[in-house]
Amino acid sequence: MADFGFNEHHQNEIINYMRFARSKRLLRVKTIDSCFEELKDSRLVEETFTVDEVREMLDGLQMVVRGEVEMELINTAHTNVLLLRQLFSQAEKFYLRLQSDVSELENRELLEQVAEFEKTDFTSANKMNQETSKPKLAPLNEGGVSELLNKEIARLQEENDKLKSRLRTLESQAMSALDEKTKAERALKDLQRTQGEQQEIGSLEDTVAALKEGYERSLSANAASQKDLQENLVTAKHELLRVQEQLALAEKELEKKFQQTAAYRNMKEILTKKNEQIKEIRKRLQKYEPDD
């Protein structure tokens with residue numbers, strides 16, 4: 001008895017397929033035989049034929065036989081594809097990947113085993129299969145295979161959970177980076193606004209210096225212009241007070257937004273110096289204010 005290394009169920013499946021293939025083969029052989037019989041009945045009615053007539057008959061018979069054989073080979077190939085489709089569909093349900101070695105299809109030793117199986121065991125197996133109904137290809141239910149499949153499914157599930165966790169971490173990091181970027185942009189805008197206010201303070205200092213110089217010239221040149229100069233000085237003082245209030249508000253905002261940055265400390269030192277400069281200017285201005 002030929003041994004293919006299969007269990008009884010799979011052995012019966014092979015027998016069923018061989019029965020199907022043999023029935024198709026016998027049907028095609030009968031068709032080819034009928035082609036020859038038809039030629040004999042329709043053309044071989046005379047005792048002698050010319051060479052051209054024999055050649056014509058053989059060419060016609062060749063075309064018919066060739067068409068029948070080609071059709072059978074094509075149909076056999078397509079039938080094998082459908083059989084493989086059934087096997088692969090069942091395997092994919094259990095996350096299996098089947099592989100085939102096409103070179104084994106031309107293994108003479110294995111082909112001889114199949115021929116021996118067909119000669120010896122096929123007849124007896126046919127009798128046994130006729131008593132039972134044809135079963136469908138059953139899924140793999142062996143304990144070892146099921147355990148391996150469960151382990152593989154569990155591993156894939158664990159890997160999927162890890163990927164989901166990693167994705168959530170990356171999303172959180174991306175959101176944090178976006179928040180930091182937004183805060184940095186706001187801090188940059190506040191810094192630019194503060195620098196603009198510093199430039200305004202410098203301009204006011206220049207204005208005060210110019211007013212002081214003009215005031216000194218007015219005192220020596222014309223006492224009547226002292227009143228106008230005093231009014232300008234008062235206006236300048238009011239402007240300085242307003243700027244100081246804005247500067248104080250800016251310092252509070254900067255303390256909130258830059259309290260953890262080096263820029264905050266640097267800005268605070270700059271503002272401190274500016275305040276000292278303003279105090280110095282005020283002291284200088286007080287020297288020129290008239291006594292009440």
Side-chain angles (χ1 to χ4, degrees), residues 5-7 9-10 13 77-78 80-105 135-203 242-278:
F6 298 141
N7 57 29
H9 172 77
H10 290 160
E13 291 296 325
H78 294 174
N80 291 334
V81 171
L82 293 179
L83 180 62
L84 291 174
R85 178 178 177 272
Q86 294 181 27
L87 297 176
F88 292 158
S89 297
Q90 293 188 34
E92 289 180 359
K93 292 180 181 179
F94 292 89
Y95 305 95
L96 297 178
R97 294 183 178 180
L98 302 183
Q99 294 180 348
S100 61
D101 188 356
V102 181
S103 63
E104 289 293 323
L105 299 179
K136 296 183 178 180
L137 291 177
L140 300 175
N141 291 322
E142 289 80 355
V145 176
S146 299
E147 184 178 357
L148 291 175
L149 289 175
N150 291 332
K151 289 182 179 179
E152 180 66 14
I153 293 173
R155 185 187 67 81
L156 292 175
Q157 185 65 37
E158 183 180 359
E159 184 177 354
N160 188 35
D161 294 338
K162 291 181 180 179
L163 290 176
K164 289 182 179 179
S165 178
R166 178 61 177 169
L167 179 60
R168 288 193 294 269
T169 302
L170 292 176
E171 290 178 350
S172 177
Q173 292 177 354
M175 293 300 297
S176 300
L178 184 61
D179 293 340
E180 292 296 332
K181 180 182 177 182
T182 303
K183 292 179 181 180
E185 290 177 351
R186 292 178 180 175
L188 180 60
K189 291 180 180 179
D190 294 338
L191 180 60
Q192 292 175 349
R193 185 172 64 251
T194 303
Q195 290 177 350
E197 292 176 353
Q198 291 178 354
Q199 293 177 356
E200 184 179 358
I201 292 174
S203 177
R242 183 182 66 81
V243 172
Q244 286 178 349
E245 291 177 356
Q246 294 179 354
L247 187 60
L249 293 176
E251 288 179 354
K252 292 180 180 180
E253 292 179 358
L254 287 175
E255 287 178 355
K256 294 179 180 179
K257 297 177 180 179
F258 297 94
Q259 59 183 352
Q260 295 181 351
T261 63
Y264 168 76
R265 294 190 295 270
N266 295 334
M267 186 60 64
K268 186 173 183 180
E269 293 177 1
I270 293 172
L271 293 176
T272 303
K273 292 180 181 179
K274 292 300 180 180
N275 287 334
E276 291 177 356
Q277 292 177 1
I278 292 174

So, taking the atom named CG in Leu96 and the one named CG in Leu87, what distance separates them when rounded to the nearest 0.5 Å? 12.0 Å
So do Ser165 and Arg168 actually touch side chain to side chain, heavy atoms under 4.5 Å? yes
Just jot down the side-chain hydrogen bond (donor to acceptor under 3.5 Å, both in side chains) partners of Glu171, sequence neighbours excluded, or say none. none
Can you check whether Asn275 reaches Leu247 side chain to side chain, under 4.5 Å on heavy atoms? yes
Please enumerate all residues that pass side chain to side chain contact (heavy atoms under 4.5 Å, CB included) together with Arg85, with sequence neighbours excluded. Ser89
Residues at least two apart in sequence or cross-chain that pass side chain to side chain contact (heavy atoms under 4.5 Å, CB included) with Ala184, listed by chain then number, are none
Glu158: salt bridge (charged side-chain N to carboxylate O under 4.0 Å, His left out) partners, not counting sequence neighbours: Lys162
In chain order, what residues pass the side-chain hydrogen bond (donor to acceptor under 3.5 Å, both in side chains) check against Asn160, with sequence neighbours excluded? none
From Thr194 atom OG1 to Leu271 atom CG, the distance as rounded to the nearest 0.5 Å: 7.5 Å
Just to verify, what does Glu180 make a side-chain hydrogen bond (donor to acceptor under 3.5 Å, both in side chains) with, not counting sequence neighbours? none
Non-neighbouring partners of Arg166 that pass salt bridge (charged side-chain N to carboxylate O under 4.0 Å, His left out), sequence neighbours left out: none
Report the C-alpha separation of Glu185 and Lys189 in whole Å, then their side-chain angles, then the decisive distance to 0.1 Å, and conclude whether the salt bridge (charged side-chain N to carboxylate O under 4.0 Å, His left out) test is met. CA-CA 6 Å; Glu185 290 177 351; Lys189 291 180 180 179; 6.0 Å; no
Does Gln195 have any side chain to side chain contact (heavy atoms under 4.5 Å, CB included) partners at least two apart in sequence or in another chain, and if so, which? Leu191
Go through the structure and list residues passing side chain to side chain contact (heavy atoms under 4.5 Å, CB included) with Tyr95, not counting sequence neighbours. Ile153
Quick one: list whatever passes salt bridge (charged side-chain N to carboxylate O under 4.0 Å, His left out) with Glu245, sequence neighbours left out. none
For the atom pair CD (Glu159) and CG (Leu163), what is the distance rounded to the nearest 0.5 Å? 5.5 Å
Partner residues of Asp101 under the side-chain hydrogen bond (donor to acceptor under 3.5 Å, both in side chains) criterion, sequence neighbours left out: Ser103
